[in-house]
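Structure first, commentary second.
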Amino acid sequence: MKNNGTQQSQYLLIALIIAGWFGINLFYDWHSKGQDLASGYIGSKILLKGEIDHLYSYDKNQYPEQDDELWDQIAEESECGMDILHPYVQIPLWAGLLQPLVKYLQYPEFTHIFHIIILLSLLGSILLSFKMWAPEFLESIPLMLFLIIFSLTMPFRYTLFLMQTHPILFFFMILGLYLDHKNKPFIGGMVMAFPIAIKITPIIILFYWMIKKRMRALWGALTGGALLGITSLILAGWQSHLNFLERIQQISSITLTGYGNHSIRAYLMRTTMTLDSVKQWYMYQTPAWVSVTSTLISILLFSLFFISVYRARKKLDGHYDIIVAQLIILQIITAPIAWMHYFFMLFVPIIIAFKYIRSENSIGAWLLWGITIIGQLFPFAYAKIAYHYTNSNQVILFGLYLGLILYTYFILKLWTVKEPAS
């Protein structure tokens, strides 16, 4: 047992490691223009101006661009400094919530504030995940090694480069699970409603509470969703929400085949395309066979998951972390769009897998786990090298392969899990 002096030294060392990691990453990306963040900023400005018909403007041919003069005007007035403006794709609520900041800040100051918020969100997600599922990583050396490796992964670096808000939503998702873990299910559910309202796909995580029969958490999510829905209507009005639904309908009928999309649908679409086509960010009408096949594959993945959970239902005590890991994986890979930076969330399944692999001490399991780590690092070199020299239009989808490797591992764990000792 550690004495007080040793424990205090350990806490101090952990604090220094965290501060060092935070400072280095803050400095490294401080001047990033944040291409993805700009859409939220300009969208919020559009709401402030009352020009809601321009909120969901987008280029009909090339996804990451805009062809709206109002967007260009706001970008110039706000010192965005970008030639390419990504379209706004979130629910109007997000643009409405940003208004207090957007009203008084130019875009460069806005990005600095969000840079800090995004890093804090990532740190919060990591520490809460360790606390719930991998407490051994809260020691100084494991924590330092994890933060170093995590900082070198392409999803993490790309997230900071783009100033993606996904880490903020992921933090609220993990916080909701943590509050439930601390026996505050209703509050946890209300917190979970926020990422669901903004991004929709985190709704998959609610299956975790359904499987555990955590009805108070589900009621909390429903209550929080209703309150956020009312708030969104107050902030942005009916018409902007109708425009949002129309935009979602448009997106559902097209496939973005740009190299950043690691979804199953993109994988299937690329089988009919050249590498040069993949390197562009064009939008294509989704062929019926791609739509049907990708839907069937997603149904198959979910069905296999639920069958495996049902089969292991009497043995799940102490193993519910497998459910969390699988749902995070499915949330990413079954979405129509699975951008490269979404895969930073795989750190949760990876640390949960580490817990089981360490207890098995199997060479094969360690090899698979190592592949998932190296695979996260692989695009770091890939972005500079393989993008220009590869002849394959599918190797770019490495994130999908990693997700499927982890998915398969956890399916096997559900089929081989043992009953808890009585």
Side-chain angles (χ1 to χ4, degrees), residues 22-23 25-57 66 68 70-82 84-125 159-176 190-191 193-200 202 224 227-237 239-241 243-244 247 341:
F22 188 89
N25 284 293
L26 190 66
F27 174 78
Y28 187 84
D29 290 289
W30 186 248
H31 296 292
S32 173
K33 292 180 180 179
Q35 288 181 330
D36 281 4
L37 190 61
S39 62
Y41 179 90
I42 295 174
S44 187
K45 282 277 191 182
I46 286 171
L47 282 187
L48 284 170
K49 290 177 177 288
E51 301 281 357
I52 58 173
D53 287 340
H54 294 266
L55 182 60
Y56 291 103
S57 297
Q66 273 290 349
D68 191 306
L70 180 60
W71 276 70
D72 293 333
Q73 176 191 330
I74 293 173
E76 185 176 351
E77 292 172 353
S78 306
E79 302 175 14
C80 280
M82 282 179 282
I84 296 176
L85 296 170
H86 293 184
Y88 181 81
V89 294
Q90 283 90 11
I91 191 172
L93 173 66
W94 180 242
L97 292 175
L98 294 178
Q99 286 179 350
L101 283 176
V102 166
K103 189 174 183 179
Y104 300 105
L105 295 175
Q106 288 290 83
Y107 185 69
E109 291 81 18
F110 182 79
T111 60
H112 292 332
I113 289 173
F114 264 84
H115 190 178
I116 294 169
I117 293 172
I118 289 166
L119 278 173
L120 288 174
S121 298
L122 285 165
L123 185 60
S125 300
T159 291
L160 289 188
F161 171 74
L162 293 174
M163 291 289 166
Q164 248 288 324
T165 54
H166 217 85
I168 300 171
L169 305 179
F170 189 64
F171 167 72
F172 279 96
M173 192 179 88
I174 296 296
L175 179 60
M190 291 193 72
V191 169
F194 178 66
I196 292 172
I198 302 299
K199 203 68 179 178
I200 301 175
L227 292 173
L228 288 169
I230 293 169
T231 303
S232 188
L233 288 170
I234 291 171
L235 290 174
Q239 187 57 49
S240 62
H241 289 79
N243 293 347
F244 169 71
R247 182 76 175 99
H341 44 268

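Keep in mind that this is a model prediction, so the values were computed, not measured. In what follows, every heavy atom counts, from backbone to side chain, and hydrogens, waters and symmetry copies are set aside. Residues: numbered from 1 along the sequence shown.
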Item checked: Stepwise side chain to side chain contact (heavy atoms under 4.5 Å, CB included) test for Lys33 and Cys80 -> CA-CA 7 Å; Lys33 292 180 180 179; Cys80 280; over 6 Å; no

Note to self: Using the rule given for side chain to side chain contact (heavy atoms under 4.5 Å, CB included), can you reason through Leu120 versus Phe22, listing the C-alpha separation, both sets of side-chain angles and the distance that settles it, and then say yes or no?
What the structure shows: CA-CA 8 Å; Leu120 288 174; Phe22 188 89; 3.7 Å; yes

Checklist line | Shortest non-hydrogen contact from Thr165 toward Gln90 | finding: OG1-NE2, 4.5 Å

Margin query: Can you give me the closest heavy-atom contact between Tyr56 and Pro92, atom names plus distance?
Written below: OH-CD, 3.1 Å

Checklist line | Nearest-0.5 Å distance, CH2 of residue Trp30 to NE2 of residue His112 | finding: 5.0 Å

Note to self: Go through it in stages, so that I can follow the logic: the residues are His166 and Thr159, the test is side chain to side chain contact (heavy atoms under 4.5 Å, CB included), and I'd like the CA-CA distance, side-chain angles, deciding distance and then a yes or no.
What the structure shows: CA-CA 8 Å; His166 217 85; Thr159 291; over 6 Å; no

Check: Is Ser78 close to Lys45 at the side-chain level, that is, under 4.5 Å between some pair of heavy atoms?
Finding: yes

Notebook entry, point to check: Going through the distances and angles, do Gln35 and Met163 end up as a side chain to side chain contact (heavy atoms under 4.5 Å, CB included)?
Noted result: CA-CA 7 Å; Gln35 288 181 330; Met163 291 289 166; over 6 Å; no

Notebook entry, point to check: How about Gln164 and Ile118: do any of their side-chain heavy atoms sit closer than 4.5 Å?
Noted result: no

Margin query: Just so I know, are the side chains of Phe114 and Ile168 near enough to count as touching, which here means a heavy-atom distance under 4.5 Å?
Written below: yes

Next item on the list: Identify the two heavy atoms, one from Ser125 and one from Pro167, that lie closest to each other, and give their separation to 0.1 Å.
Entry: OG-O, 4.3 Å

Item checked: Closest heavy-atom pair and its distance - Pro195, Met173 -> CG-N, 3.9 Å

Check: Is there a side-chain contact between Leu169 and Pro202 (heavy atoms, below 4.5 Å)?
Finding: no

Next item on the list: List for me each residue that meets side chain to side chain donor-acceptor pair (under 3.5 Å) alongside Gln239, sequence neighbours excluded, and say none if there are none.
Entry: Asn243

Check: With sequence neighbours excluded, what pairs up with Ile200 under the side chain to side chain contact (heavy atoms under 4.5 Å, CB included) test?
Finding: Phe244

Next item on the list: Only counting residues at least two apart or in another chain, list the ones meeting ring pair (Phe, Tyr, Trp, His ring centres under 6.0 Å) with His241.
Entry: none

Next item on the list: Supply the atom-to-atom distance Trp94 CH2 to Ser44 OG, rounded to the nearest 0.5 angstrom.
Entry: 10.0 Å

Notebook entry, point to check: Is a donor on one side and an acceptor on the other found under 3.5 Å between the side chain of Tyr88 and the backbone of Ala95?
Noted result: yes

Check: Considering only heavy atoms from C-beta outward, does the side chain of His341 approach that of Leu162 to under 4.5 Å?
Finding: yes

Item checked: Test side chain to side chain contact (heavy atoms under 4.5 Å, CB included) applied to Leu228 - qualifying residues, sequence neighbours left out -> Leu93, Ala193, Phe194, Ala197

Notebook entry, point to check: If we only count heavy atoms from C-beta on, is the Leu119 to Leu160 side-chain gap below 4.5 Å?
Noted result: yes

Next item on the list: Give, for atom CD1 of Ile74 and atom CG of Leu48, the distance between the pair rounded to the nearest 0.5 Å.
Entry: 9.0 Å

Next item on the list: Verify the ring-centre separation between Trp71 and His54: is it less than 6.0 angstrom?
Entry: no

Next item on the list: Heavy atoms only: give me the nearest Ser39-Pro87 pair and the separation to one decimal.
Entry: CB-O, 3.6 Å

Item checked: Non-neighbouring partners of Asp36 that pass salt bridge (charged side-chain N to carboxylate O under 4.0 Å, His left out), sequence neighbours left out -> none

Notebook entry, point to check: Which value, rounded to the nearest 0.5 Å, describes the distance between His115 atom NE2 and Leu37 atom CG?
Noted result: 11.0 Å

Next item on the list: Please confirm whether the backbone N or O of Pro108 pairs with a side-chain atom of Thr111, one donor and one acceptor, at under 3.5 Å?
Entry: yes

Could you tabulate the donor-acceptor pairs under 3.5 Å formed by side-chain atoms of residues 96-105, not counting sequence neighbours?
none

Next item on the list: Using the test ring pair (Phe, Tyr, Trp, His ring centres under 6.0 Å), find all partners of Tyr41 that sit at least two apart in sequence or belong to another chain.
Entry: Tyr107, Phe110

Note to self: Checking Glu77 now: which residues fulfil side chain to side chain contact (heavy atoms under 4.5 Å, CB included) with it, not counting sequence neighbours?
What the structure shows: Lys49, Gln73

Check: Any side-chain heavy atom of Leu47 within less than 4.5 Å of one from Leu235?
Finding: no

Checklist line | Minimum heavy-atom distance Ser240-Ala236, with the two atoms named | finding: OG-O, 2.9 Å

